[in-house]
There are 2 protein chains.
Amino acid sequence: MAKVVGMALGKDYATQECSIARALEVVGERWTLLVIRDALYGVRRYNDFLVHLGIPRAVLAARLQALTAEGILEKRRYQESPPREEYVPTDRALALWPTLRSLGRWGREQFDEPQLRYFRHADCGTELGLYGECPRCALVVPVPDVLVDPGPGLDPNPADPISRALLKPRRLLQPFESEPAAGQ
Amino acid sequence: MAKVVGMALGKDYATQECSIARALEVVGERWTLLVIRDALYGVRRYNDFLVHLGIPRAVLAARLQALTAEGILEKRRYQESPPREEYVPTDRALALWPTLRSLGRWGREQFDEPQLRYFRHADCGTELGLYGECPRCALVVPVPDVLVDPGPGLDPNPADPISRALLKPRRLLQPFESEPAAGQ
DNA sequence: ACTCAAGGTTCAATGAACGAACCCACAGTG
DNA sequence: CACTGTGGGTTCGTTCATTGAACCTTGAGT
């Protein structure tokens, strides 16, 4: 009967012969897809992920490391002194956009929530279809050409700076200005 | 400063104003998407999920109950005596097909794995595109018209009856014959 | 009366997530 | 030089979730 060698628990969906299961081993853990979503929104720095997600620091560090190891984010030093790091989404992350788009639409449509954000084709303003295509232009919109347009359902005065920056229309991947701790 | 009332841990991505986060509250837990995948494959019975997924019984019971409560599966008594239950995917489950399809493709393409299964338009045999459309017929293929066609990478002699049935081409949603415990 | 099958529940052990506290390197300020 | 602030982490005790083995229940078959 040759028992499978006990590989304990972990991220593995042991016996599955299925690329969905393989994908979930990589991005299926708690928080992971939200980290990737934020990376596509333009979040790049540890502290910005932290405040925008409300994720425990240790978990964030673990996820960033795992995503870097999987080639989904790239860790870069953006200044030497003091040493500062950023995490930039790779093509692997961009390739997840259709999945994230369709998942978000599923959530809103099936549980009829208020429209929080419109995703539009920046060239023509048309709202994207189910998987991120532009129905008017009949093409899959490249991620940098997706416009994130705030909808009526959003809190007009959020606590963290990332959410505040997301109250203005902006493109995916466009990095955030790290506000120089000014005013108030 | 009005702390948010501590809702402990749980399935909530507390502060997120985002339909992706809402969706993940529903289908983001470990095993959940694989249960839905199996339901789309045609798995309907507790024991079939159990052996095909290799999931702990308690977790399976919890997931089936949660998915039923969310209207993603429907629990039905398919015979009265002895009382037997089945879990049938609803439209909400079918609406997740593009998400699952794109997730599976992402996994295979980004980590260049062997092709395990082809998903084809049953009417014309063309392999589906990124999100479940037929490139030839230029339409989003309805879930019941998707043909699941085993590829070269599959184990030719799997242990559980569901995997064995999946070695033959079959449509999504088509229920499995529960083999009457014959032979051997 | 015994056995078998489906569809579960219970429970102790293990692992992961949480959150508060701490650490370090450096820059700027007085 | 001491002091404070910021970015990017690590450590650690507590709580929660997952695991796997054992057990339970209803009814059929023999």
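A, B, ... follow the sequence lines: proteins, then strands. Residue 1 opens every chain.
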Without decimals, in angstroms, what is the distance between [X] [atom1] and [N] [atom2]?
X	N	atom1	atom2	value
A:Ile55	D:dG9	CD1	C1'	14 Å
A:Gln79	C:dA27	CD	P	9 Å
B:Leu64	C:dG7	CG	C1'	10 Å
B:Glu85	C:dA6	CD	P	14 Å
A:Arg44	D:dG7	CZ	C1'	17 Å
B:Arg30	C:dG15	CZ	P	13 Å
A:Leu60	C:dA20	CG	P	16 Å
B:Arg45	C:dA6	CZ	P	6 Å

Contact class for [X] vs. all strands (heavy atom < 4.0 Å): base, sugar-phosphate, or nothing?
X	result
B:Phe49	nothing
A:Val59	sugar-phosphate
B:Arg77	nothing

Could you check whether [X] makes a cation-pi contact with [Y], meaning its NZ or CZ is under 6.0 Å from the centre of the six-membered ring and within 45° of the ring axis?
X	Y	answer
A:Arg57	A:Phe49	no
A:Arg44	A:Tyr78	no
A:Arg105	A:Tyr131	no
B:Arg120	B:Tyr118	yes

Looking at [X], does any N or O in its side chain come under 4.0 Å of the phosphate oxygens OP1/OP2 on [N]?
X	N	answer
A:Arg63	C:dA17	yes
B:Tyr13	C:dA17	no
B:Trp31	D:dT19	yes
A:Tyr87	D:dG7	no
B:Ser81	D:dT26	no

Among the candidates [options], find the nucleotide nearest to the side-chain atoms of [X].
X	options	answer
B:Tyr46	D:dG27, C:dG8, D:dG7	C:dG8
A:Pro56	D:dG8, D:dG9, C:dG19	C:dG19
B:Tyr78	C:dA6, D:dT10, D:dT6	C:dA6

query = Do B:Glu127 and B:Gln115 have side-chain atoms, one donor and one acceptor, less than 3.5 Å apart?
reply =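 On atom types as modelled, these side chains qualify, holding a pair under 3.5 Å.
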ask   = Do the rings of A:Tyr13 and B:Trp31 sit parallel, tilted or perpendicular, given the 30° and 60° boundaries?
value =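 Perpendicular.
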inquiry  = Would the base of D:dT19 count as contacting B:Arg57 through its side chain, where contact means a donor and an acceptor less than 3.5 Å apart?
reply    =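 Answer no: no donor N or O sits under 3.5 Å from an acceptor.
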query = Nearest nucleotide by nearest heavy atom, which residue falls closer to the 5' end of DNA chain C, A:Pro82 or A:Ala58?
reply =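 Upstream on the strand: A:Ala58.
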